[in-house]
Amino acid sequence: MDNIILIGFMGSGKSTVGRCITEIDTKYKQIDTDWYIEKKYRTQISNIFATKGEAAFRQMETDCLKEILKDENGHYVLSVGGGLPMKDENQKLLHQIGRIVYLRASVDTLKGRLSGDKNRPLLQGGDLSDKITDLMNKRQGTYENLADIIIDTDNMTIEDVIEIIMREIQ
Ligand code: S3P
């Protein structure tokens with residue numbers, strides 16, 4: 001399938017990069033798994049975590065990937081929630097869906113972007129740096145193993161990132 005998948009930690013720019021790709025190449029339509037779930041269940045991610053729990057949210061993410069797989073003719077740029085690639089089943093589905101691009105960013109960069117964020121349940125309470133570092137230690141290896149393309153975004157503009165993606169996916 002001719003789709004681009006953007007993975008990475010919360011705050012790595014997946015949704016923004018996804019939107020810009022659809023503006024540059026109108027063949028692509030964007031699906032963001034968080035937006036998809038919020039629309040389908042008509043509520044916010046933070047509310048799903050609070051009322052149904054994380055496991056239920058993770059199942060919704062898997063269901064979303066299965067829905068996308070049904071559309072064999074679509075051209076999507078798919079930005080996925082930061083925790084979605086951690087599940088084995090999702091990793092297999094992602095490989096079936098398209099080319100996987102990891103937008104890698106340092107803890108310092110992410111901290112700058114995520115400080116004050118109230119929408120991400122896994123980052124609420126406690127020290128933000130510690131939370132990002134802990135989660136990143138658990139996730140980084142999976143992101144790297146899963147990716148077809150890794151982009152170090154720390155010192156790049158969005159335009160730089162998009163140029164690399166468009167060049168690499170040709
Ligand atoms: C999560 C990342 C969020 C969202 C949820 C859980 C995670 O998406 O899916 O809050 O586990 O990293 P973004 O990566 O788009 O912020």
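The figures here come from the full heavy-atom set of this structure, side chains too, leaving out hydrogens, waters and symmetry mates. Both counts, for ligands and for their atoms, begin at 1 and track the order of listing.
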Student: Restricting to side chain to side chain donor-acceptor pair (under 3.5 Å), what partner residues turn up for Lys138, sequence neighbours left out?
Tutor: none

Student: Residues two or more places apart in sequence or in another chain: which of them pass salt bridge (charged side-chain N to carboxylate O under 4.0 Å, His left out) with Glu159?
Tutor: none

Student: How about Ile48 and Met60: do any of their side-chain heavy atoms sit closer than 4.5 Å?
Tutor: yes

Student: Sequence neighbours excluded, which residues qualify as ring-ring contact (aromatic ring centres under 6.0 Å, His included) partners of Phe9?
Tutor: none

Student: Where does the angle between the aromatic ring planes of Tyr143 and Tyr102 fall among parallel (under 30°), tilted (30 to 60°) and perpendicular (over 60°)?
Tutor: tilted

Student: Under a 4.0 Å heavy-atom cut-off, which residues neighbour ligand 1?
Tutor: Met10, Lys14, Asp34, Ile45, Phe57, Arg58, Glu61, Gly81, Gly82, Gly83, Arg120, Pro121, Leu122, Arg139

Student: So among Thr16, Val80, Val17, which one has a side chain to side chain contact (heavy atoms under 4.5 Å, CB included) with Leu6?
Tutor: Val17

